[in-house]
Engineer: 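Starting off with a structure, shown below.
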2 protein chains.
Amino acid sequence: MATLRDVAREAGVSVATASRAINGLGNVTAPTRAAVMAAVKKLNFVPHSGARSLTRRKTDTVGVILPDLFGEFFSEIIRGIDLVAHESGMHLLLGNMHGSTHETAAAIAAMRGRVDGLLVMPPDLKPELLADYLDPALPTVLLNYDAGPLDLPFVAVDNYQGAYAMTAALIARGARQIVHIAGPKHNRDARDRQRGFVDAMSKIGGVRNPAILPGDFSEESGAQAARLLVQGQLPADAVFAANDQMAVGLIAGLAEAGKSVPKDVMVAGFDDIPLARHLNPSLSTMQVHIDRLGSTAMMMLLRILRGETLGAASATILTPELIARGTTAGAIHQESATAAPRA
Amino acid sequence: MATLRDVAREAGVSVATASRAINGLGNVTAPTRAAVMAAVKKLNFVPHSGARSLTRRKTDTVGVILPDLFGEFFSEIIRGIDLVAHESGMHLLLGNMHGSTHETAAAIAAMRGRVDGLLVMPPDLKPELLADYLDPALPTVLLNYDAGPLDLPFVAVDNYQGAYAMTAALIARGARQIVHIAGPKHNRDARDRQRGFVDAMSKIGGVRNPAILPGDFSEESGAQAARLLVQGQLPADAVFAANDQMAVGLIAGLAEAGKSVPKDVMVAGFDDIPLARHLNPSLSTMQVHIDRLGSTAMMMLLRILRGETLGAASATILTPELIARGTTAGAIHQESATAAPRA
DNA sequence: GTTCACACGGTAACCGGTTACAAGGCCGCA
DNA sequence: TGCGGCCTTGTAACCGGTTACCGTGTGAAC
C-alpha cells in the first residue's frame, strides 16, 4: 500500500506539500497540486485513517456499546444512530457487552484511541460501576439509562409513564384483574414499567398488590407466563406484558390453552415492534420510536463534540404513545398519557 | 489522558520497560512489573488502540459494509458476524453505502488504516466497479455476492435453487397459474430468485412465460402487486413473492380485496423473517439462516487473516430450506431441493 | 581478580500521517 | 539595483505506542 512518502517521491515534492495538496490547504500552486494528484491516482493512494487520527486527535468515529445485538430493537437503534452519524461523516464502531460486566469494561477500554465519543446502553449496570469504566474525558451519551449521580446526558423512554398510561387504558376498558408480566429483575426499563403498572393499579384501580408474573423479555417467558396463568387459575381479564416479545409468546400460549384474545382476556405489550401490527388479532402496545432513541443520542453527542457542554440536565425523555389494536378489542379509551404523574 | 510515557515516568522506568510490563513480555523482573502496574492503576492508564495499531500493523477490527441497516435481515447478519468476531477479540466498524455507488467508494476508502479486513455486501453493484474500489491488499470476503471474475471468497445463499424448490413445491401442491413478484431489477438475489422461478415453471410446470409482477422487496410493493393482481384480473392460484416482506404486503392487500389465503390463492415468500411464523395464516417460505451468512463470512475472513489464501473457490453456498406453513395450506409436498439443477 | 554469559532495562527509530517553523524564490517598489 | 514582504515549499518534530538493538550489572567459572 502506498504511503504519503511514496506519493511525495513520485510527485517530486515533500511530504508536507503532498499532505497539503491532498487536503486542499490552499497554499499550494495549481501545477504542484496537479502533480500530487496525478501521483495519488497513479499509486492508488488512500490516506491511512489510523495514522491520520493520531495527529489530528480525532477519529471521526463514535463507539456504540450495546448490551446485545439481537432483534429489531437494536437494529433500529443502530439505524437511528447511523442516520445522524452519516450526515456528519462519522463512522460507527460497534461494541457488544454480551451481558457480562467484565465484557463491558473491556468493550469500553478497547474504544480508547479509536473513537471521539461513546454511546452506551447499559440497561442492567449499576451507575457506580459504570462511572468506574467510563473515561470522564471522553464525551459520552447514555441510551435508555438515567445515570442519576453521574451527570451524563442521556436519552430515555418514559417507561414509567408509558406503563402507567397503558394500565390506565386497560382499566378504562373495563379490566379489573390485570396481571403484569415483568421483565428481567435488574433491567431498569423493566423495573420502571413495573412501577408504572403498580402505581396505576393502586391510584386508578384501587388495587394494592396486583399480580405480577416473572419474565425476561423473551418470547418463551411469555409462553411460560401463559401456562402459569392458566394452570394457576389466576383470575385475569387482562395481561400487560412488559414488552411485545413476551406478549407474542403469551398470546401463543393462551391460544394453546384455548383462551381467546381479547374475548377471554385482553393483552397489551410495550415497544410496538414491527410484528405487533401483523399479529392476528393485532397487538395493542405502547409505541416507542426506537430509531429516534438512537438519532437523538447521536445528535447530543455531536453537540458535545462541537464544544457544547451537556450534562444530565440536557436529557431527552421520549414519551411512548398508546396504540390500541385488536388484542384490547379496539375499544380502549385513549387516556391522555400526560394525565399520569411523572416518576 | 495518561500516556505510556506518563506511566514510565511515574514508575521510574523507561517507556520500553513500561510497554513490556504492560504487555507481559517476560524480560521484566517482578518488582519492576509491579511498579509499572501500580503506576498504570494510579494514572488510570488505558493503552491508545489507535497508536498501538499503527505500529502493530493490525487493528483487531473488521469493516462491515452493508447496503443499508434497515430491518431484521441486516441485524441478523451483524449479529452473526459479531458472534464470531467477538470470540476472536475483533471489533466491528460499520459502513453503510446508503444505496449510492459514490458512498460505497467512500465507505471502502474510509476503512483503510482502520481495519484488518473487510466484509462487503454489494447487492446491486457491478463486479468491475467493485474491483476498482476494493484494495487488493486488504483481505475481503463478500456477502451474498458471487464476485465471478474477481476471485474473492464469498458466502451466498443459493437463491436460484431455493426459488426453484419453492416453485416446484407450489406446482406439486396443485398450483397451475403461479405469479411471481420480483425484487429490484439490479439486485442479484432478486434476479437469481426470478430465474429459479422461471426455470422451474418451464421445466416442471411446462409454462413458457409465467406472469411476473414488479416489486422492490418492500411491504408496500407487495400490496401494490395485490392490487394489480385483483384489478388486472390476472388468473392466479398461487403467488410466489421474492421475499417475505412483499409477501406480507401481498397478503394484506389480498385480504382487503376479499381474497382468502390460502383458499383462493396460495402465497409463498423467501427468507423466513421472524414475522413469517406469526402471521395468520403463517407464511410458507424458504428459510435462510441469515446469521450464518454473517458468521460464515467472518470465519472465512479470520482464516485469511491467519495466513490462509482463500479465493472464489472457497466460497460457501448456503442452501435455503423449504418451510411449509399455512399460506400454502400446509400440504405442500416437500420436494427435495437437491432435485433442482444448479444455476 | 578477571572474563564471560545472560538477563534486564534504556535509547531511539519507526508506524503514516500533520503541521510549526524556517528557508527560499519571486515580486514590487524605491 | 537593492530591499522587504509574501507566497510556496521543505525540514523536522510530533501524535502514542512498539521493538530492534545496545549497554550495563550481576553471578558464575576460571
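To find a chain, count down the sequence lines: A is the first, B the second, and so on, and within it residues start at 1.
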Engineer: Below 4.0 angstrom from OP1 or OP2 of D:dT9, is there any side-chain N or O of A:Ser14?
Structural biologist: no

Engineer: Look at the side chain of A:Arg20 against the base of D:dG10 and say whether a donor-acceptor pair falls under 3.5 Å; ignore hydrogens and angles.
Structural biologist: yes

Engineer: Is the distance from OP1 or OP2 of C:dT18 to the nearest side-chain N or O of A:Arg56 less than 4.0 Å?
Structural biologist: yes

Engineer: List in numerical order all residues of residues 32-51 of chain B for which some heavy atom is under 4.0 Å away from an atom belonging to DNA chain D.
Structural biologist: B:Phe45, B:His48, B:Ala51

Engineer: Could you work out which one of C:dT11, C:dT18, C:dT19 sits closest to the side chain of B:Ala16?
Structural biologist: C:dT11

Engineer: Choose from D:dG17, C:dT18, D:dG10 the nucleotide whose nearest atom is closest to any side-chain atom of B:Arg5.
Structural biologist: D:dG17

Engineer: Side chain of A:Thr17, heavy atoms from C-beta onward: which of D:dG10, C:dG9, D:dT8 has the nearest atom to it?
Structural biologist: D:dG10

Engineer: Considering only side-chain heavy atoms of A:Asn27, which listed nucleotide, D:dT18, C:dT18, D:dT8, is closest?
Structural biologist: D:dT8

Engineer: Go through C:dG17, D:dT18, D:dT11 for me and flag the one nearest to the B:Arg112 side chain.
Structural biologist: C:dG17

Engineer: Which is more 5' along DNA chain C, the nucleotide nearest B:Thr55 or the one nearest B:Val13? Just name the residue.
Structural biologist: B:Val13

Engineer: Hey, what bend do you get for the helix from C:dG1-D:dC30 to C:dA30-D:dT1 if you fit axes on five pairs at each end, rounded to 10°?
Structural biologist: 60°

Engineer: What nucleotide among C:dC21, C:dG17, D:dG17 has an atom nearest to a side-chain atom of A:Thr3?
Structural biologist: C:dG17

